[in-house]
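Computed over heavy atoms, backbone and side chain alike; hydrogens, waters and symmetry mates excluded.
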Amino acid sequence: MLGKKVGIDLGTTTTRIIVKGEGMIATEPTAVAIRDGGMQAAVFGESAFETAASDPEFRLRRPIAGGEIADAASARWLVNHAMIRAAGRQRIFKPDVVIAVMSSLPGGQRRSLLEAAALAGARTAYLLDAPLAAAMGAGVRLNGPNGHLVIDIGAGKTDIATLALEGTVSGRCLSGHGGLRLHACVADHVRREHGVTLDPATIEEVVASLARVGPHEERRLEVMGRGEAGEESLTVRSTELNGCLDAHVRPILAALEAVLADTPGRLLPDIQREGILLCGGGARLEGLDGAIATASGIEVHRDSQPQLCAVRGTGYALDNLDVLKRALMYIR
């Protein structure tokens, strides 16, 4: 096999690309700027924001929303760009491609991604559900009968699954429930209570600095936002975010309870012994691991780089493509 092996984590806000033997080659925003009238002129990632801001002929599009494909045309272009980025435009040998996706992604959207990869020149294309990818990327061995429980929280979705024998035994996917919803709740709270609108970068700073699940000593952060009189300074307190955090965590705990209830009894001792694996960018929320452990009675392990688990998992799958075939993943 002389063609390259390419792994793509197609996230709601971030797309990551890995190539076997080369490592991670790209981490870009999941955004495309497209000139009106066709896809021939399109720009991906950070360049998309710059191009859309400077050239009125280009429109910024977000191909993925809530873990699902929101714009099929720009999603196809995104896959094509990722393939070019990884394997070049001129290829003697076609690459194998593994794409990590939300577990509940509808069949029609799955076919669309596979077709996009084929049109972009893939020799074979595989879709790997996010919990499987995250577990592989965290170093979990899935080829045995032992049970493993994974919670993968991204910007646009939360995937929870019990895994065994290289497949999903029970699972729940909360489409649209992820970091972006938490950020939107915080933004709405500040606007409602303080009469000030914060830009996305400031909201991200507020969440990173103040958001803490569970009891804690109050923290404060002074930020700038836009009010009726223009730029205004305000102080946000960590305890103000409790309502948003509760609304964020409760559905995750409810879904976890449902997954555990559906998990065969023979696998529960494995999960109790090994603990729950917490992955995805949303895993970095302070205190979330403790809240899950308290609610479930099961120890929670958070990967040291949780946002990279899924893309690392596509890299593992590239070395073990037979795993995908045995697990009945979509293949083209």
Side-chain angles (χ1 to χ4, degrees), residues 1-12 14-20 25-26 28 30-32 34 39 42 44 61-89 91 93-137 142 152 154 156-157 159 161 166-168 171 173 175 310-332:
M1 301 296 179
L2 298 177
K4 288 193 174 186
K5 296 185 181 296
V6 181
I8 304 170
D9 177 16
L10 199 60
T12 298
T14 306
T15 293
R16 296 180 173 89
I17 307 169
I18 194 170
V19 176
K20 181 183 176 182
I25 66 165
E28 293 275 6
T30 305
V32 180
I34 301 172
M39 298 291 292
F44 163 68
R61 297 184 184 179
R62 287 284 197 174
I64 311 296
E68 297 192 13
I69 297 176
D71 185 329
S74 56
R76 286 194 296 270
W77 192 92
L78 180 63
V79 171
N80 182 66
H81 172 87
M83 295 276 288
I84 293 172
R85 189 81 169 265
R89 291 183 180 276
R91 311 172 196 132
F93 302 102
K94 293 185 175 182
D96 293 311
V97 182
V98 174
I99 304 175
V101 297
M102 180 177 70
S103 65
S104 65
L105 192 70
Q109 295 186 23
R110 290 176 180 263
R111 287 191 294 273
S112 178
L113 285 179
L114 291 172
E115 289 168 1
L119 289 172
R123 186 179 71 89
T124 57
Y126 305 78
L127 299 187
L128 183 61
D129 285 349
L132 281 165
M136 291 178 181
L142 299 176
D152 179 56
K157 55 81 183 170
D159 250 322
E166 298 162 351
T168 300
C173 184
S175 176
V311 72
R312 288 199 308 246
T314 64
Y316 173 86
L318 288 166
D319 284 330
N320 300 270
L321 293 178
D322 58 319
V323 170
L324 299 186
K325 295 173 184 176
R326 290 200 303 271
L328 302 179
M329 292 293 101
Y330 287 79
I331 305 171
R332 185 178 179 87

Inset, instruction - Using the salt bridge (Lys or Arg N to Asp or Glu O under 4.0 Å) rule, take Asp319 and Lys20 through it: C-alpha gap first, then chi angles, then the decisive distance, then the call. - result: CA-CA 8 Å; Asp319 284 330; Lys20 181 183 176 182; 3.0 Å; yes
Inset, instruction - Search all heavy atoms of Ser175 against all heavy atoms of Gly66 and return the closest pair with its distance. - result: OG-O, 2.9 Å
Legend entry - Point-to-point distance, once rounded to the nearest 0.5 Å, from OG1 of Thr314 to OH of Tyr126: 13.5 Å
Inset, instruction - Identify the heavy atoms of Met102 and Cys173 that sit nearest to each other, and give their distance. - result: CG-SG, 3.2 Å
Legend entry - Heavy-atom pair of closest approach, residues Leu114 and Ala125: CD2-O, 3.6 Å
Inset, instruction - Nearest 0.5 Å please: distance from the CG atom of Leu78 over to the CE atom of Met83. - result: 12.0 Å
Legend entry - Contact check, side chains of Arg312 and Met136, non-hydrogen atoms, under 4.5 Å: no
Legend entry - Separation between OG1 of Thr30 and CZ of Arg16, rounded to the nearest 0.5 Å: 8.5 Å
Inset, instruction - List the steps and the verdict of side-chain contact (heavy atoms from CB on, under 4.5 Å) for Val97 and Ile8. - result: CA-CA 8 Å; Val97 182; Ile8 304 170; 4.1 Å; yes
Inset, instruction - For Val98 and Ala317, work out which heavy atoms get closest and say how close. - result: CG1-CB, 4.3 Å
Legend entry - Lys157 and Asp159, any side-chain heavy atoms less than 4.5 Å apart: yes
Inset, instruction - Any chance you could lay out the salt bridge (Lys or Arg N to Asp or Glu O under 4.0 Å) test for Arg76 and Asp71, step after step, and finish with the verdict? - result: CA-CA 9 Å; Arg76 286 194 296 270; Asp71 185 329; over 6 Å; no
Legend entry - Euclidean distance, Asp9 CG relative to Ile99 CD1, rounded to 0.5 Å: 10.5 Å
Inset, instruction - Would you please name every residue forming a salt bridge (Lys or Arg N to Asp or Glu O under 4.0 Å) with Arg85, sequence neighbours left out? - result: Glu28
Inset, instruction - Give a yes or no on whether the backbone of Gly11 and the side-chain of Thr14 come within a donor-acceptor separation of less than 3.5 Å. - result: no
Legend entry - Sub-4.5 Å side-chain heavy-atom contact between Val6 and Ile18: no
Legend entry - CG-OG distance between Leu132 and Ser103, expressed to the nearest 0.5 angstrom: 9.0 Å
Inset, instruction - Report yes if the side chains of Ile34 and Ser74 come closer than 4.5 Å at any heavy-atom pair, otherwise no. - result: yes
Legend entry - Donor-acceptor under 3.5 Å (Thr15 side chain, Leu10 main chain): no
Legend entry - Where Ala65 and Thr12 come nearest, the two heavy atoms and their spacing: CA-CG2, 4.2 Å
Inset, instruction - Could you tell me whether a side-chain N or O of Arg110 sits under 3.5 Å from a main-chain N or O of Leu105, the two making a donor and an acceptor? - result: yes
Inset, instruction - Measure the spacing between CH2 of Trp77 and CD1 of Ile84 and express it to the nearest 0.5 Å. - result: 7.0 Å
Legend entry - Residue pair Leu128 / Val101, side-chain heavy-atom distance below 4.5 Å: no
Inset, instruction - Just jot down the side chain to side chain contact (heavy atoms under 4.5 Å, CB included) partners of Ala134, sequence neighbours excluded, or say none. - result: Val150, Asp152, Cys279, Cys309
